[in-house]
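Structure first, then comments.
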Number of protein chains: 2
Amino acid sequence: MTALHHHSHSHGHTPEQITRRLRRAGLRPTRQRVALAGLLFKRGDRHISAEILQEEAQAMRVPVSLATIYNTLHQFTEAGLLREVAVDGARTYFDTNVSDHHHFFVEGDNELIDIPDAVGLTEVPTPPEGMEITAVEVVVRVRRTDA
Amino acid sequence: MTALHHHSHSHGHTPEQITRRLRRAGLRPTRQRVALAGLLFKRGDRHISAEILQEEAQAMRVPVSLATIYNTLHQFTEAGLLREVAVDGARTYFDTNVSDHHHFFVEGDNELIDIPDAVGLTEVPTPPEGMEITAVEVVVRVRRTDA
DNA sequence: ATTTGTGCAAATCGTTTGCATCTGA
DNA sequence: TCAGATGCAAACGATTTGCACAAAT
């Protein structure tokens, strides 16, 4: 078992469980937040953008405004339920896997894929004077081999 | 000598030298491109954004439109004179150091700093089926220690 | 003369914001 | 009740684009 499967169903995803989880995180379990949390955490590890999440919400007949989508994604991130991954200049991705891991970024598809092995650095660099490390991000850019 | 000092003045920066360098790269040495190349490569390794480059150009009394700045930055990147670094969701940075190296990203300042040591991965991850690695990027996020 | 580059202004895209209205505890 | 959340539409900042004009070969 790798770091990737850290939270495989340690919470569940019934409305009640989600509600409890939000409350634990200090967030009011509103209609929208419960619905979005349901979408985000129902499946396993996901890399989702605001736009995709809104599409999924609409498909589930839970219309949520984009503003609320963004609010929610950021609140969830602050609460430690999501991890923000900035790798593409354009879009921002939110990773439902908050454990320590890194990513492949598929150029062209603009898709993120978890790196299934624990990759580390040969040597953690010493930060400049007066600075402390907050995170180490490794992104391995890949592209489809033109078959 | 580390990978950081790879091109320390292997080219020089007189207008003539810049002109030759651009031609070698297959780029017409226009007024604007020569001026921008001069600004970019005069000093050592830099991490520059389109906006900053334009400010510097104006300070040097070489007005260049933002559109041309962007065109030029991308052309230089394709020509291998610059390296694009996407680490911040917002701005895009262009690194005049095209050698293999990684970065600190100073949160708050939104500033990039070269990592002065050659940092590698303990293990280069195997890319998914049908994909090949195009680049490996390591970003160490840091923040000022609140003194 | 022909090709290529430049500047301007408008357009685009993802994201944020202001604010009136609604909701959950 | 009333702090906090939501939706809408307008605002935003970085980047791109369309197109007439200018410059390089």
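Numbered from 1 within each chain, the chains take letters A, B, ... in sequence-line order.
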Fill in the blank from the handout: In whole angstroms, the gap separating C1' of C:dT15 from CD of A:Gln54 amounts to 13 Å
Handout entry: Sub-4.5 Å side-chain heavy-atom contact between B:His47 and B:Thr96
Key = no
Handout entry: side-chain N/O B:Gln32 vs C:dG7 OP1/OP2, d < 4.0 Å
Key = yes
Problem - D:dG18 versus D:dA14 - spacing of their P atoms, nearest Å - result: 22 Å
Problem - Single hit among B:Ile48, B:Thr72, B:Leu66, B:Val64 for side chain to side chain contact (heavy atoms under 4.5 Å, CB included) with B:Leu53 - result: B:Ile48
Handout entry: Whole angstrom value for the distance that separates P of C:dG14 from CG of A:Asn110
Key = 10 Å
Exercise for the section: Would you mind reading off the distance between A:Leu22 atom CG and C:dG24 atom P, rounded to a whole angstrom? Expected result: 13 Å
Problem - Co-membership, hydrophobic cluster, residues B:Val140 and B:Leu121, 4.5 Å side-chain - result: yes
Handout entry: Touch class at under 4.0 angstrom, heavy-atom based, for A:Thr92 against every strand present
Key = sugar-phosphate
Handout entry: Value in whole Å for how far the P atom of D:dT25 lies from CG of B:Leu27
Key = 12 Å
Practice task
Could you measure between the two P atoms, the one in D:dT15 and the one in D:dA11, and give it in whole Å?
Solution key: 22 Å
Problem - Salt bridge present between B:Glu56 and B:Arg46 (N-O < 4.0 angstrom) - result: yes
Show each protein N/O and nucleotides 19-23 of chain D N/O combination with a separation under 3.5 Å, one pair to a line.
none

Practice task
I would like to know whether A:Met131 and B:Val106 meet side-chain contact (heavy atoms from CB on, under 4.5 Å); could you show each step before the answer?
Solution key: CA-CA 8 Å; A:Met131 305 210 180; B:Val106 187; 3.9 Å; yes
Handout entry: P gap between C:dA10 and C:dG14, integer Å
Key = 22 Å
Problem - Pair A:Asp109 + A:Arg143: basic N to acidic O under 4.0 Å - result: no
Practice task
Run through B:Ile69, B:Thr30, B:Leu73, B:Ile18 and flag the one making a side chain to side chain contact (heavy atoms under 4.5 Å, CB included) with B:Leu36.
Solution key: B:Ile69
Practice task
Verify, without hydrogens or angle tests, whether B:Asp117 (side chain) and B:Val119 (backbone) share a donor-acceptor contact under 3.5 angstrom.
Solution key: no
Problem - Residues from residues 66-79 of chain B lying under 4.0 Å of DNA chain D - heavy atoms - result: B:Leu66, B:Ala67, B:Tyr70, B:His74
Practice task
Please tell me which of the listed nucleotides, C:dT6, D:dT25, D:dT6, lies nearest to the side chain of B:Arg33?
Solution key: C:dT6
Exercise for the section: Give, for atom CZ of B:Arg33 and atom CZ of B:Phe76, the distance between the pair rounded to the nearest 0.5 Å. Expected result: 7.0 Å
